[in-house]
Each structure stands twice: as C-alpha cells, then as structure tokens.
Amino acid sequence: MSMRKVYSELKGLKVKEVPSYVKPMLSMNFVKSTIQRGLDNYHAKYIQTNSIDPLYHVCFGGMIFSYLVALPEERRHLEHQQHAKEHGGH
C-alpha cells in the first residue's frame, strides 16, 4: 500500500478510529503478505523481463551499504584529524 493511499485514508478518519485502522497493518501476516507482494512485483517487473536492472540494484546497493558501514570510522578519523590540527599536531 502506498504511503499516499494510507495518508489519504488516515486523513478521513477520526482520532478514535486511527488505532483500529493501523493495528491490522502491524500484524505479522499483513507484513509478510506485503513483503511477498513486493517481491512478486519486483520479480514480474525485472526478473521475468530479463532486465539488467537487478544487477545495477545489487551493485549500487552494495556500494551504499559499504559506505554506510565505513562512515562511522571515517567520521572518527576526521574528528581526530581536526582535533590534532586544533592542538598543534600533524
């Protein structure tokens, strides 16, 4: 379900009705069916059509993941370098 659809449906509800609307969406069965539907749509859109896009998704996803994993260490290095510069180190 798209966020736009959820937002438009929530907009029409009263505050008391929101928990009864949201609660079924948080169940394991709903989450599983939503993920399965997304995977089925991905398979139909990219795998069945012999598209090269899944290879791009893996490559770019791997690059983004490795960047995010290395980011905290890089930030520590930069902070150390800035601290050394402020205190007369090299």
Side-chain angles (χ1 to χ4, degrees):
M1 185 180 302
S2 71
M3 291 302 292
R4 183 179 301 151
K5 182 178 177 189
V6 171
Y7 177 72
S8 66
E9 288 178 2
L10 280 175
K11 219 169 45 170
L13 296 177
K14 294 182 178 164
V15 175
K16 289 182 180 180
E17 299 169 341
V18 171
S20 63
Y21 176 77
V22 172
K23 189 173 180 179
M25 292 181 189
L26 301 176
S27 71
M28 287 303 290
N29 288 334
F30 183 82
V31 171
K32 285 179 185 178
S33 67
T34 301
I35 290 172
Q36 186 62 47
R37 192 170 50 248
L39 290 173
D40 290 343
N41 290 341
Y42 184 87
H43 186 267
K45 185 174 182 180
Y46 296 111
I47 307 299
Q48 291 293 331
T49 60
N50 292 328
S51 174
I52 195 163
D53 286 345
L55 180 61
Y56 293 144
H57 297 157
V58 170
C59 291
F60 288 117
M63 287 189 310
I64 291 168
F65 178 75
S66 66
Y67 174 78
L68 291 175
V69 167
L71 186 61
E73 187 173 346
E74 292 298 322
R75 289 180 58 109
R76 281 193 300 274
H77 286 298
L78 290 173
E79 288 172 8
H80 178 72
Q81 188 178 24
Q82 183 68 28
H83 180 52
K85 189 185 293 184
E86 290 172 358
H87 296 295
H90 292 303

Checklist entry - Tracing side-chain links under 4.5 Å among I, L, V, M, F, W and Y, which residues wind up in one group with Y56? => result I52, L55, F60, M63
Checklist entry - If you round to the nearest 0.5 Å, how far is CG of L10 from NZ of K5? => result 12.0 Å
Checklist entry - Nearest 0.5 Å, what's the CG-OG1 distance between N29 and T34? => result 10.5 Å
Checklist outcome for this item: Checking K11, R4, M3 against Y7 for side-chain contact (heavy atoms from CB on, under 4.5 Å), the one that qualifies is K11
Next on the checklist: On a heavy-atom basis, which atom in P54 and which in I47 lie closest, and how many Å separate them?
Outcome noted: CG-CD1, 3.9 Å
Next on the checklist: How long is the straight-line distance from CG of L13 back to OG of S8, given to the nearest 0.5 Å?
Outcome noted: 10.0 Å
Next on the checklist: Please say yes or no: joined through hydrophobic side-chain contacts below 4.5 Å, possibly via intermediate residues, are V6 and L26 part of one cluster?
Outcome noted: yes
Checklist entry - So, do F30 and P24 sit near enough that their side-chain heavy atoms are less than 4.5 Å apart? => result no
Checklist entry - Just how far is it from atom CG of L78 to atom CD of E74, taken to the nearest 0.5 Å? => result 6.5 Å
Checklist entry - At what distance, to the nearest 0.5 angstrom, does CD of Q82 lie from CD of E86? => result 4.5 Å
Checklist entry - When you look at L39 and H43, which way does the side-chain contact (heavy atoms from CB on, under 4.5 Å) test go after all the steps? => result CA-CA 6 Å; L39 290 173; H43 186 267; over 6 Å; no
Item to check | Qualifying residue, where the test is side-chain contact (heavy atoms from CB on, under 4.5 Å) with Y21 and the options are K23, M25, E17 | outcome: M25
Checklist entry - Hey, what's the ring geometry for H83 with H87, parallel, tilted or perpendicular (30° and 60° as the breaks)? => result perpendicular
Checklist entry - Hey, what's the ring geometry for Y42 with H57, parallel, tilted or perpendicular (30° and 60° as the breaks)? => result tilted
Next on the checklist: Do V58 and Y67 land in one hydrophobic cluster if side-chain heavy atoms of ILVMFWY residues count as linked below 4.5 Å?
Outcome noted: no
